[in-house]
Amino acid sequence: MTDSLSIRDNRTGKDYEVAITDGTIRAADLKQIALDGDPGLATYDPGFVNTASCRSAVTYIDGDAGILEYRGYPIEQLAEKSSFLEVSYLLLNGELPTSSQLSTWTHDVTTHTFLHENLKQFIQGFRYDAHPMGMLMASVSALSTFYPDASNISDADNRQLQITRLIAKMPTLGAFAYRHGLGKPYVYPDNDLSYVENFLAMLFKMSEPKYAADERLVKALDVLFILHADHEQNCSANAVRSVGSSQVDPYSAIAAGIGALYGPLHGGANEAVLRMLRRIGTTDNVSDFIAGVKSGKEKLMGFGHRVYKNYDPRAQIIKKACDDVFEVTGVNPLLKIARELEKIALEDDYFVSRKLYPNVDFYSGLIYEALEFPPEMFTVLFAIGRTPGWLAQWSELVQDKEQKIARPKQIYTGFRTREFIPMSDR
Ligand code: SDX
């Protein structure tokens with residue numbers, strides 16, 4: 001037995017051998033299977049449901065077993081023992097940092113949190129009710145105009161500088177977008193604070209000389225950032241890689257990832273979950289809502305996953321983190337509705353047969369709301385957490401000799417050559 005496929009083309013009677021490598025066949029190996037004069041076979045896979053686009057060593061997921069590992073470290077251990085900046089280092093460099101590497105990394109990120117003053121004016125240009133994800137996407141791509149040297153992506157030191165800038169500035173951009181919406185003055189970064197404390201200060205500080213965040217809330221948000229840090233080839237990572245494959249600067253590639261994350265089927269789901277829970281209103285309405293979902297009226301937001309056909313391991317951890325946060329803030333009344341939804345869905349064949357379980361977005365919104373974030377900020381939090389993962393994927397892409405510019409084929413379904421029709425004849 002060999003690692004290969006024997007393919008018989010019944011149209012011609014010809015036989016072909018195609019190698020199997022790492023559980024895949026190379027789509028290019030199918031081109032040889034051709035009728036006279038045609039370009040040969042290609043694969044057709046809307047949404048890339050069964051297509052590997054790259055080789056990656058960053059994140060491993062086993063959807064059936066509910067396993068998630070960053071560079072081989074189980075998410076459960078990292079959530080319990082690590083910090084977001086340490087996990088960012090791990091994702092970007094492949095190994096946990098030594099203490100001197102971590103302090104250098106922390107110093108570098110801390111000293112890059114400020115924004116060019118022109119970016120404040122840029123953000124001022126948005127309406128007061130602009131969605132913060134739209135502002136974040138626009139301002140990250142605007143950053144590419146402040147750092148033109150970022151286009152020199154083949155230089156490792158330059159990549160490192162832009163990666164550091166992006167991880168450092170995402171919380172500042174997110175906080176400025178939030179403050180703009182409230183008409184509140186911007187709070188500049190405070191280098192005495194940790195990454196998450198500084199983010200909370202830029203969001204919520206008013207006239208007090210020093211913002212003092214509750215340590216338990218800082219820890220909860222740090223864990224949430226860890227849980228969101230990467231997730232292999234999800235929709236937004238695919239967007240970053242696809243745009244990055246044109247060798248554009250990392251700000252433009254990350255802006256594309258933010259755009260993909262914005263969608264309600266992806267990172268926008270956490271905001272949609274909160275709105276859904278509010279709309280349901282009480283546990284009495286849950287069974288009618290579930291009936292509506294089963295009749296195809298709408299999706300149960302925060303449920304289902306392309307890869308996890310079991311409970312999303314992140315959802316398990318977030319559900320536990322809810323208790324820690326609610327100890328400080330008081331229980332979110334929507335938690336009861338969420339728990340009732342989950343209970344009914346996990347017993348109902350419609351969901352069980354489709355292997356629909358709570359995903360990372362189902363409970364995260366409850367914590368974000370308890371931390372006093374408005375729903376429109378939830379996906380901004382997801383984006384801040386996901387930035388090191390996007391950059392680790394981008395960095396891998398840029399150094400992968402096998403990668404080429406992304407340019408898929410299509411199945412053409414339109415008209416073929418026809419004569420132009422003059423207006424008088426239309
Ligand atoms: C994230 O990929 C990642 O890793 C993403 C992410 C990450 O960390 O980057 O994990 C983050 O995006 C989590 C997902 C957040 N999205 C939502 O919660 C939105 C609701 N979920 C769905 O839209 C859906 O489950 C997806 C988009 C998450 C996955 O979609 P798939 O894999 O394309 O599955 P599908 O749409 O083909 O669904 C299969 C069946 C369909 O029913 P049938 O046509 O077979 O009858 O399940 C149904 C779907 O209608 N279905 C749902 C459902 N999700 C799927 N029905 C009701 N409610 C849902 N939530």
Side-chain angles (χ1 to χ4, degrees), residues 45-53 56 58-64 66-70 75 79 87 91 133 224-241 254 256-277 280 286 289-318 338 341-342 344-346 348-366 375 378-379 381-390 392-393:
D45 188 11
F48 311 127
V49 173
N50 192 39
T51 293
S53 62
S56 178
V58 178
T59 293
Y60 175 77
I61 302 176
D62 178 330
D64 292 327
I67 289 173
L68 168 56
E69 295 170 350
Y70 294 159
I75 191 70
V87 165
L91 287 167
M133 275 298 275
L224 281 163
F225 281 161
I226 290 172
L227 296 175
H228 287 82
D230 191 52
H231 214 238
E232 55 130 284
Q233 304 313 314
N234 56 82
C235 178
S236 52
N238 180 60
V240 168
R241 281 179 171 265
I254 297 301
I258 296 170
L261 190 74
Y262 196 177
L265 294 190
H266 191 10
N270 54 21
E271 176 181 350
V273 167
L274 237 290
R275 297 188 191 287
M276 173 186 77
L277 294 174
I280 294 171
V286 165
F289 177 80
I290 290 276
V293 169
K294 288 164 67 175
S295 65
K297 213 172 96 204
E298 60 186 304
K299 290 192 184 300
L300 175 54
M301 299 311 275
F303 259 67
H305 200 277
R306 174 64 55 78
V307 179
Y308 290 124
K309 299 308 170 191
N310 200 320
Y311 218 96
D312 183 332
R314 301 167 297 175
Q316 303 265 26
I317 299 170
I318 292 174
L341 263 177
E342 179 186 4
I344 294 184
L346 294 185
D348 186 303
D349 186 56
Y350 176 91
F351 299 93
V352 174
S353 63
R354 290 170 176 79
K355 297 189 177 181
L356 301 177
Y357 295 89
N359 59 47
V360 67
D361 292 310
F362 189 64
Y363 282 104
S364 53
L366 291 174
F378 292 1
T379 313
L381 299 171
F382 194 146
I384 293 168
R386 184 52 56 87
T387 297
W390 284 332
Q393 299 284 348

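Here the structure is a predicted model, which is why all the values come from computation and not from measurement. Counting starts at 1 for both ligands and their atoms, following the listed order.
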**Student:** Assess the pair His305 and Phe362: is the distance between their ring centroids shorter than 6.0 Å?
**Tutor:** no

**Student:** Sort and list the pairs that fulfil salt bridge (Lys or Arg N to Asp or Glu O under 4.0 Å) and have at least one residue in residues 289-302, not counting sequence neighbours.
**Tutor:** Arg279-Glu298, Lys294-Asp348

**Student:** Check side chain to side chain contact (heavy atoms under 4.5 Å, CB included) between Ile344 and all other residues, then give those that pass, not counting sequence neighbours.
**Tutor:** Val286, Ile290, Glu340

**Student:** Mind listing the N or O contacts between ligand 1 and protein, cut-off under 3.5 Å?
**Tutor:**
from: ligand 1; atom 1: 4 (O); to: His231; atom 2: ND1; distance (Å): 2.6
from: ligand 1; atom 1: 4 (O); to: His305; atom 2: NE2; distance (Å): 3.2
from: ligand 1; atom 1: 8 (O); to: His231; atom 2: ND1; distance (Å): 3.4
from: ligand 1; atom 1: 8 (O); to: Arg314; atom 2: NH1; distance (Å): 2.6
from: ligand 1; atom 1: 8 (O); to: Arg386; atom 2: NH2; distance (Å): 2.8
from: ligand 1; atom 1: 9 (O); to: Arg386; atom 2: NH1; distance (Å): 2.8
from: ligand 1; atom 1: 9 (O); to: Arg386; atom 2: NH2; distance (Å): 3.4
from: ligand 1; atom 1: 10 (O); to: His231; atom 2: ND1; distance (Å): 3.4
from: ligand 1; atom 1: 10 (O); to: His305; atom 2: NE2; distance (Å): 2.6
from: ligand 1; atom 1: 10 (O); to: Arg314; atom 2: NH2; distance (Å): 2.8
from: ligand 1; atom 1: 12 (O); to: His266; atom 2: ND1; distance (Å): 2.9
from: ligand 1; atom 1: 16 (N); to: Leu265; atom 2: O; distance (Å): 2.9
from: ligand 1; atom 1: 18 (O); to: Gly302; atom 2: N; distance (Å): 2.8
from: ligand 1; atom 1: 18 (O); to: Asn359; atom 2: ND2; distance (Å): 3.0
from: ligand 1; atom 1: 21 (N); to: Phe303; atom 2: O; distance (Å): 2.9
from: ligand 1; atom 1: 32 (O); to: Arg306; atom 2: NE; distance (Å): 2.8
from: ligand 1; atom 1: 33 (O); to: Arg306; atom 2: NH2; distance (Å): 2.9
from: ligand 1; atom 1: 42 (O); to: Arg354; atom 2: NE; distance (Å): 3.3
from: ligand 1; atom 1: 46 (O); to: Arg354; atom 2: NE; distance (Å): 3.2
from: ligand 1; atom 1: 46 (O); to: Arg354; atom 2: NH2; distance (Å): 3.1
from: ligand 1; atom 1: 56 (N); to: Tyr350; atom 2: OH; distance (Å): 3.4
from: ligand 1; atom 1: 58 (N); to: Leu300; atom 2: N; distance (Å): 2.9
from: ligand 1; atom 1: 60 (N); to: Leu300; atom 2: O; distance (Å): 2.8
from: ligand 1; atom 1: 60 (N); to: Phe303; atom 2: O; distance (Å): 2.9

**Student:** Using the side chain to side chain donor-acceptor pair (under 3.5 Å) rule, take Glu342 and Tyr311 through it: C-alpha gap first, then chi angles, then the decisive distance, then the call.
**Tutor:** CA-CA 11 Å; Glu342 179 186 4; Tyr311 218 96; 2.3 Å; yes

**Student:** Anything under 30° is parallel, anything over 60° is perpendicular, the rest tilted; go ahead and classify Phe382 against His228.
**Tutor:** perpendicular

**Student:** Mind checking side chain to side chain contact (heavy atoms under 4.5 Å, CB included) for Asp62 and listing every partner two or more places apart, or none if nothing turns up?
**Tutor:** Tyr60, Asp64, Ala65, Ile67

